[in-house]
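The block underneath contains the structure these notes are about, expressed in structure tokens.
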Amino acid sequence: MQYALRRLFFLAVGSALLPSANTAHAQLPVTQLFALSPPGGQQGTTLDVTITAGADLDGAKGLYFSHPGITAAIKMAPPKLPQLPPEPLPNQFAVTIAADVPPGVYDVRAIGTFGISNPRSFVVGTLAEVKEQGGNNTREKPQPIELNTAVNGTADGNNSDWYKFTAKAGQRLVIDCWAQRIDSRMDATLELYDAAGKQLARDRDFNRRDPLIDVSIPADGDYFLKVFDFVYAGGGEYFYRFSVSNGPYVDYVLPPAGTPGTKGNFTLYGRNLPGGAPADGLTVEGRPLEKLAVQIDVPADKTVERAPPGTLAKPDEAEIDGFEYRLATPQGLSNACFIGYAAAPVVLEQEPNDEPAKANVVTVPCEYVGEFGPRGNPDWLQFDAKANDVYWVEVISERLGLPTDPAVLLQRVTKNDKGDEQVADITDLDDLGANHGGLSFNTTSVDGAFHFAVPADGTYRAMVRDLALNPRNDPRRIYRLSIHREQPDFRLAAVPAYPANNRTEARPWNTLLRRGASERIDVIAFRRDGFTGEIAVTAEGLPAGVTCAPAIIGQGQSFTTLILTASDQAADWTGPIQIVGKAKTAGADVARTARPGAVLYAAPQNVPAHARLARSLVMAVTAADTAPITIDLGEAKTWEMSRAGKLEIPVKVTRRGQIKGNITLTALNLPPNVQPQPLTLDGNTNEGKFALQINPQAPLGDFTVYLQAQMTAAYRRDVAAAEAAAKAKADVEKLAADLAAASQAAETAKQAAVKAA
């Protein structure tokens with residue numbers, strides 16, 4: 001079993017290290033939640049929910065939701081004997097959703113002996129809910145459902161699930177299936193048939209990997225829906241949720257961003273939009289769209305949480321600020337759509353603009369919004385700028401959750417003595433590229449950004465195109481081209497780290513602190529508009545007995561690790577915490593709260609995991625378990641060393657129980673040109689010195705690194721549960737003996753009474 005160590009601070013002003021007390025940490029059991037059924041419910045109802053997949057769920061006693069209006073109570077079985085108390089039903093809960101909980105997607109976590117789990121999505125809807133009943137694996141035995149109903153089911157592997165509903169001619173129905181968007185492993189596929197067996201529609205990947213069918217009912221009668229995984233996989237983690245509705249559905253919004261603190265004019269494009277008009281021949285997968293003009297209040301706080309209740313945000317989308325919008329109609333609320341915050345006035349493209357001579361003329365700064373039209377069709381825009389002005393040119397499209405690969409060609413336009421136009425390329429902008437979150441939170445994006453220092457007064461031209469060359473003419477493929485004044489800033493994401501060596505593995509994980517132990521939380525910085533300053537990162541809202549020394553994201557760096565440590569007297573606790581980063585930007589002090597992230601599924605070694613933004617950052621402390629070893633590093637002070645120097649820090653180990661094996665210490669998260677010298681303490685050694693060689697090329701500045709320890713040790717699992725089970729066994733045996741004695745006494749009394757009679 002491996003044990004990962006806590007933390008070491010590195011503060012270089014020549015070069016410096018600040019360690020604090022360090023404790024071993026291992027891949028000891030931590031509660032993990034993979035699936036529950038059903039994955040959602042209706043506002044104002046109570047429903048039965050069962051954990052169907054997970055790990056280390058010993059003593060699962062509760063569910064924790066990211067909205068306080070959703071609560072859970074474990075279900076109890078009647079006692080087996082009148083003298084015994086009721087027993088909890090393993091992994092079964094009664095979940096109550098208050099009537100005022102807004103519809104959307106929230107996080108749910110399991111609480112058990114080994115802390116609080118990683119999150120899984122839980123949907124709150126407005127429609128009536130039904131569960132798959134089973135036995136519906138053939139068209140001859142479909143499960144009947146009503147229109148405007150949410151259906152929850154699980155893929156059965158080699159089988160398909162069939163449902164039947166009745167509809168009337170002329171109804172336009174939208175069948176929207178959620179799987180990947182709510183953390184399911186399922187690659188869901190939908191097929192719709194009429195009563196004669198004719199296939200009317202089929203879909204697979206409409207919203208990311210989730211399908212959607214839009215159908216106009218041709219005649220009154222029964223219709224049959226087939227749901228299955230594309231490769232016929234199945235099991236508890238292959239769950240789905242769909243609705244068959246004639247309510248409003250929004251495909252996309254133009255513009256996809258608004259100016260904070262304003263009431264903006266927007267156009268919704270979708271289906272079943274009350275008051276909507278035909279959308280000028282626009283179609284998605286052959287189905288016509290409607291459009292509806294609306295006014296939307298854009299919140300003034302542009303640092304609002306990026307992952308609102310109804311949308312999915314992957315790691316590369318984590319830095320995009322915005323808010324959620326739903327259209328309210330007499331037929332109910334629409335699905336949620338994400339609207340970003342614009343850094344400059346918004347300008348919509350005007351067709352035709354597919355040639356330089358037809359370029360849209362705009363005034364910068366602005367945010368130019370366009371649609372990638374037919375395959376290979378570029379968009380051109382043109383603007384004037386003055387020498388020494390500094391702008392950032394940023395394209396946002398893939399980070400809107402779209403299957404696009406935008407690129408921008410920026411040119412300077414001049415004229416020669418004859419008045420002929422001369423064009424010189426400045427840059428061909430493509431792909432942000434860098435992954436700052438490692439395997440757990442891969443932030444790589446094919447969007448791009450460019451620092452544009454205007455070289456001279458004059459005219460400049462930009463061409464925007466989609467390198468993905470999507471063969472489908474899909475109007476949802478939109479983009480934002482932001483040409484704005486330089487505004488250095490940053491955003492943060494925080495992800496509980498799986499304690500594998502050198503961050504080579506990524507798995508679902510969450511923070512559980514045993515007494516005397518430590519846990520890592522990785523913090524990723526998204527630097528904006530060339531911001532390179534130091535970011536001081538702290539943890540807030542920690543319970544008594546838990547500490548976390550501040551960490552530094554050094555100049556030019558985009559990653560650090562916070563180490564949370566529990567004292568030997570820490571009490572049981574579960575609750576939310578916050579990670580906050582503070583820095584100076586443009587001479588002003590700013591603070592940014594990190595957006596929580598979570599790994600969804602285990603990934604092979606050295607392969608990026610599937611991850612998303614979470615809706616809360618939650619941790620647990622247990623007083624029932626203690627760390628096998630504690631390692632203290634030097635003194636709680638700033639350690640300094642100049643370039644070309646060698647820094648040695650004393651190490652002291654406290655072993656508990658029968659921990660006698662070797663312990664190997666390794667430094668991680670080091671800045672460039674700082675070389676660690678691994679230290680191994682054998683089973684008879686509890687003291688040593690950890691060394692770092694500071695090379696002459698090492699950067700100056702403040703940096704944070706941490707140490708990781710590896711060792712092999714035995715671990716006794718859940719001692720308290722074993723003791724409780726032994727006590728329960730003894731109580732039952734005593735009760736059985738008492739009952740036997742009472743029975744014997746009763747029989748003796750009976751015989752005496754018979755004899756007396």
### Task
Determine, stepwise, if the pair F526 / F490 fulfils ring-ring contact (aromatic ring centres under 6.0 Å, His included).
CA-CA 5 Å; F526 298 87; F490 65 95; over 10 Å; no

### Task
Give the minimum heavy-atom separation between V298 and P260, together with the two atoms involved.
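The answer is CG1-CA, 3.7 Å.
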
### Query
How close do L439 and V607 get, heavy atom to heavy atom, and via which atoms?
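Looks like CD2-C, 3.7 Å.
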
Do the non-hydrogen side-chain atoms of [X] and [Y] ever get within less than 4.5 Å of each other?
{"X": "R109", "Y": "L63", "answer": "no"}
{"X": "T622", "Y": "L513", "answer": "no"}
{"X": "P248", "Y": "R271", "answer": "no"}
{"X": "I524", "Y": "T443", "answer": "yes"}
{"X": "Y252", "Y": "C337", "answer": "no"}
{"X": "L57", "Y": "N91", "answer": "yes"}
{"X": "K75", "Y": "V49", "answer": "no"}
{"X": "D205", "Y": "D187", "answer": "yes"}

Quick one: is the NZ or CZ of [X] closer than 6.0 Å to the six-membered ring centre of [Y], and within 45° of its axis?
{"X": "R612", "Y": "F441", "result": "no"}
{"X": "R204", "Y": "F230", "result": "yes"}
{"X": "R181", "Y": "W178", "result": "yes"}

### Task
Could you walk me through whether D572 and V621 pass the side chain to side chain contact (heavy atoms under 4.5 Å, CB included) test, one step at a time?
CA-CA 5 Å; D572 290 327; V621 182; 5.9 Å; no

### Query
Would you say the ring centroid of Y106 lies under 6.0 angstrom from that of H67?
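When the ring centroids of Y106 and H67 are compared, they turn out to be within the sub-6.0 Å range.
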
### Query
Under 6.0 Å between ring centres, would you say that holds for F242 and Y163?
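Yes, the ring of F242 comes within the 6.0 Å limit of the ring of Y163, centre to centre.
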
### Task
Start with the C-alpha gap between Q32 and W509, add the side-chain angles, then the distance that decides, and say whether side chain to side chain contact (heavy atoms under 4.5 Å, CB included) holds.
CA-CA 7 Å; Q32 296 176 60; W509 203 254; 4.2 Å; yes

For the residue pair [X] and [Y], confirm or rule out a side-chain donor-acceptor distance under 3.5 Å.
{"X": "E519", "Y": "T511", "value": "no"}
{"X": "T31", "Y": "D56", "value": "no"}
{"X": "R326", "Y": "N335", "value": "no"}
{"X": "T96", "Y": "T71", "value": "no"}
{"X": "D48", "Y": "Q92", "value": "no"}
{"X": "D161", "Y": "Y240", "value": "yes"}

Is [X] reaching over with its side chain to a backbone N or O of [Y], donor-acceptor style, under 3.5 angstrom?
{"X": "R208", "Y": "L312", "value": "yes"}
{"X": "N207", "Y": "D210", "value": "no"}
{"X": "N510", "Y": "V30", "value": "no"}
{"X": "R514", "Y": "A627", "value": "no"}
{"X": "S616", "Y": "V618", "value": "no"}
{"X": "D447", "Y": "E398", "value": "yes"}
{"X": "S397", "Y": "I478", "value": "yes"}
{"X": "R615", "Y": "P596", "value": "no"}
{"X": "Q133", "Y": "K131", "value": "yes"}
{"X": "D183", "Y": "L600", "value": "no"}

First locate atom [atom1] of [X], then atom [atom2] of [Y], and finally report the distance between them rounded to the nearest 0.5 Å.
{"X": "S243", "Y": "N152", "atom1": "OG", "atom2": "CG", "value": "10.5 Å"}
{"X": "I553", "Y": "L492", "atom1": "CD1", "atom2": "CG", "value": "5.5 Å"}
{"X": "D522", "Y": "T560", "atom1": "CG", "atom2": "OG1", "value": "8.5 Å"}
{"X": "I577", "Y": "E540", "atom1": "CD1", "atom2": "CD", "value": "10.0 Å"}
{"X": "H610", "Y": "S440", "atom1": "NE2", "atom2": "OG", "value": "13.0 Å"}
{"X": "F338", "Y": "F323", "atom1": "CZ", "atom2": "CZ", "value": "8.5 Å"}

With a 4.0 Å cut-off, would you call [X] and [Y] a salt bridge?
{"X": "D321", "Y": "R528", "value": "yes"}
{"X": "D489", "Y": "R592", "value": "yes"}
{"X": "R120", "Y": "D107", "value": "no"}
{"X": "R241", "Y": "E129", "value": "yes"}

### Query
Just one of N272, D176, N148, T149 clears the side-chain hydrogen bond (donor to acceptor under 3.5 Å, both in side chains) bar with S245, so which one?
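With S245 as partner, N272, D176, N148, T149 yield a single side-chain hydrogen bond (donor to acceptor under 3.5 Å, both in side chains), made by N148.
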
Compile the donor-acceptor pairs under 3.5 Å between side chains in residues 36-44 and protein atoms, sequence neighbours left out, one pair per line.
unit_1, atom_1, unit_2, atom_2, d
Q42, NE2, T126, O, 3.1
Q43, NE2, V101, O, 2.8

### Message
Run I579 and T593 through side chain to side chain contact (heavy atoms under 4.5 Å, CB included) and show every step you take.
### Response
CA-CA 6 Å; I579 306 300; T593 300; over 6 Å; no

### Message
Taking salt bridge (Lys or Arg N to Asp or Glu O under 4.0 Å) as the cut-off, I'd like each qualifying pair that reaches into residues 93-104, sequence neighbours left out, listed once.
### Response
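Applying salt bridge (Lys or Arg N to Asp or Glu O under 4.0 Å) to every pair that reaches into residues 93-104, excluding sequence neighbours, yields nothing.
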
### Task
Give the C-alpha distance, both sets of side-chain angles, the deciding distance and a yes or no for salt bridge (Lys or Arg N to Asp or Glu O under 4.0 Å) between E317 and R399.
CA-CA 5 Å; E317 304 163 32; R399 288 174 293 168; over 6 Å; no

